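Let me begin by presenting the structure, written as structure tokens, before commenting on it.
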Amino acid sequence: MRDMTMPDTEARDTTVRHPALRNSAPLIDVAQLDLWYDHGKVHALRDISMELYPGEVLAFVGPSGCGKSTMLKVFNRMHDPDPGVRIKGRITLHGDDINAPGVDPPLLRRRFGWVAQKPNPFPISIWQNVSYGPRIHGLLRDKADLEAHVEDCLRRAHLWDEVKDRLHTLGAMELSGGQQQRLCIARALSTKPDVLLMDEPTGSIDPIATAKVEELVMELKADKAIILVTHSMMQARRVADRMAVFHLGRLAEIGPTAELFERPVSNEAQCFIGGATG
């Protein structure tokens with residue numbers, strides 16, 4: 001039995017495990033990020049540095065309250081409306097600082113598709129849900145292009161065949177929970193984002209619907225980078241190329257999923273993956 005109190009000091013290559021991406025430049029680079037809530041009273045994230053590569057699924061794991069969702073919201077600047085939040089450090093997307101003066105937050109958020117834990121479709125038709133983002137951002141030239149784009153997003157979310165005859169008449173709230181979550185994924189894809197941010201996307205749906213969402217994640221990484229917050233270690237093992245283990249606001253360890261399951265280096269990752277904490 002391995003001594004869970006003593007970290008392994010062997011160095012690890014933390015690049016993505018599939019060879020096709022090992023030579024890719026990072027899509028996102030996070031350097032020495034700190035975040036405080038409540039006007040500096042709560043130090044929620046501490047000295048976080050990490051990279052996200054094109055075409056990979058990076059899972060954020062760790063005990064509840066360790067900073068996973070807080071970190072996820074930093075990428076698309078969801079903390080902006082809170083005047084009590086202060087952020088120090090640097091995050092770049094394609095080499096550009098996302099917090100630089102002159103960056104328009106709504107335009108930045110278009111580059112990040114968001115999928116929440118609980119399905120949250122708009123209480124309007126299916127077609128309106130998926131077409132809303134492209135229309136407000138003026139992404140498509142005419143109605144024919146918009147129609148084709150809505151269909152493509154619904155097909156990519158594996159929902160088209162289930163709703164194609166009722167796009168304009170069926171309200172989104174009439175769908176099952178799993179269908180609603182796939183509609184939210186189609187809506188997230190509709191603005192042509194670079195990255196999908198998924199905050200426990202299967203946390204409130206049944207196992208069959210969960211399997212469909214996981215299948216989607218594996219397909220969508222062909223042309224999207226995906227950050228997935230999950231409390232399910234088995235889900236992380238099934239879909240993630242790398243895992244980032246958070247503990248008390250710090251990044252305890254990051255590396256290829258298979259290696260972290262087999263030989264985690266940090267004591268925090270050893271205890272969490274081994275089931276001693278959680």
Side-chain angles (χ1 to χ4, degrees), residues 1-24 26-35 43-75 89 91 117 195-203 210-211 213-214 217-218 221 225-278:
M1 181 73 177
R2 183 175 184 171
D3 183 355
M4 300 298 283
T5 65
M6 294 297 293
D8 184 351
T9 57
E10 182 181 350
R12 180 197 314 288
D13 173 13
T14 60
T15 54
V16 288
R17 69 183 182 201
H18 37 89
L21 299 182
R22 289 191 185 272
N23 296 321
S24 299
L27 176 64
I28 291 177
D29 192 356
V30 182
Q32 298 177 308
L33 183 89
D34 284 76
L35 182 144
H43 198 172
L45 295 174
R46 298 170 180 263
D47 196 27
I48 304 292
S49 294
M50 66 170 65
E51 296 171 333
L52 177 71
Y53 291 87
E56 77 161 329
V57 179
L58 175 61
F60 285 1
V61 302
S64 295
C66 65
K68 303 183 299 294
S69 294
T70 298
M71 184 67 217
L72 197 71
K73 294 175 182 177
V74 169
F75 292 111
I91 301 178
Q117 176 180 356
V195 181
L196 286 180
L197 305 175
M198 309 184 86
D199 192 4
E200 296 185 60
T202 62
T210 292
V213 170
E214 289 183 3
V217 168
M218 298 299 289
K221 74 173 188 174
I226 299 171
I227 303 178
L228 172 75
V229 172
T230 179
H231 280 291
S232 169
M233 294 303 294
M234 291 302 98
Q235 181 172 80
R237 192 165 199 167
R238 287 191 296 267
V239 305
D241 299 298
R242 289 190 302 151
M243 291 197 310
V245 183
F246 285 79
H247 182 76
L248 298 178
R250 297 185 183 275
L251 181 59
E253 190 167 348
I254 184 170
T257 300
E259 291 187 19
L260 259 68
F261 270 95
E262 293 168 6
R263 49 186 183 93
V265 172
S266 68
N267 183 62
E268 294 87 354
Q270 288 174 15
C271 291
F272 182 74
I273 295 171
T277 61

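In this text, all values refer to a predicted model and were calculated from it rather than measured experimentally.
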- Message: When you compare the side chain of Leu45 with that of Val74, does any pair of heavy atoms fall below 4.5 Å?
- Response: yes
- Counting N and O atoms only, with roles assigned by atom type, does the side chain of Lys68 sit under 3.5 Å from a partner on the main chain of Phe246, one being a donor and the other an acceptor? no
- Task: Heavy atoms only: give me the nearest His231-Ser64 pair and the separation to one decimal.
- Result: CE1-OG, 3.5 Å
- Give a yes or no on whether the backbone of Ser266 and the side-chain of Glu253 come within a donor-acceptor separation of less than 3.5 Å. yes
- Checking Ile226, Val229, Thr230 against Met198 for side chain to side chain contact (heavy atoms under 4.5 Å, CB included), the one that qualifies is Ile226
- Between CE on residue Met233 and CZ on residue Phe261, distance to nearest 0.5 Å: 3.5 Å
- Item | Interatomic distance, Ile48 atom CD1 to Gln32 atom CD [nearest 0.5 angstrom] | 11.5 Å
- Taking salt bridge (Lys or Arg N to Asp or Glu O under 4.0 Å) as the test, write out the residues that go with Glu214, two or more places apart. Arg238
- Closest heavy-atom pair, Gln270 versus Pro264, reported as atoms and distance to 0.1 Å, is NE2-O, 3.2 Å
- Item | Distance (rounded to the nearest 0.5 Å) between Met50 CE and Met71 CE | 5.0 Å
- For residues Leu251 and Ser49, determine if any side-chain heavy atom of one lies less than 4.5 Å from a side-chain heavy atom of the other. no
- Task: Check the pair Ile254, Leu58 against side-chain contact (heavy atoms from CB on, under 4.5 Å), reporting the backbone distance first and the verdict last.
- Result: CA-CA 9 Å; Ile254 184 170; Leu58 175 61; 4.0 Å; yes
- Item | Any donor-acceptor pair under 3.5 Å from Thr257 side chain to Ala240 backbone | yes
- Message: Show the nearest heavy-atom pair for residues Asp241 and Glu56, with the distance to one decimal.
- Response: OD2-CA, 3.3 Å
- Note on the structure: Rounded to the nearest 0.5 angstrom, the CD1-CG distance for Ile227 and Leu52 is 4.5 Å
- May I ask you to decide if Glu51's main-chain N or O and Asp29's side chain share a donor-acceptor pair within less than 3.5 Å? no
- Do you know the tightest heavy-atom contact between His247 and Pro63? ND1-CG, 4.4 Å
- If we only count heavy atoms from C-beta on, is the Phe75 to Val195 side-chain gap below 4.5 Å? no
- Message: Run the side-chain hydrogen bond (donor to acceptor under 3.5 Å, both in side chains) test against Ser69 and tell me which residues pass, sequence neighbours left out.
- Response: Asp199
- Query: Counting only N and O atoms by type, is there a donor-acceptor contact under 3.5 Å from the side chain of Gln235 to the main-chain atoms of Ser232?
  - Reply: no
- Message: Test of understanding: with ring pair (Phe, Tyr, Trp, His ring centres under 6.0 Å), list the residues that count as partners of His43, not counting sequence neighbours.
- Response: Trp36
- Message: Would you compute the distance between atom CG of Asp34 and atom CG of Asp47 and round it to the nearest 0.5 angstrom?
- Response: 6.0 Å
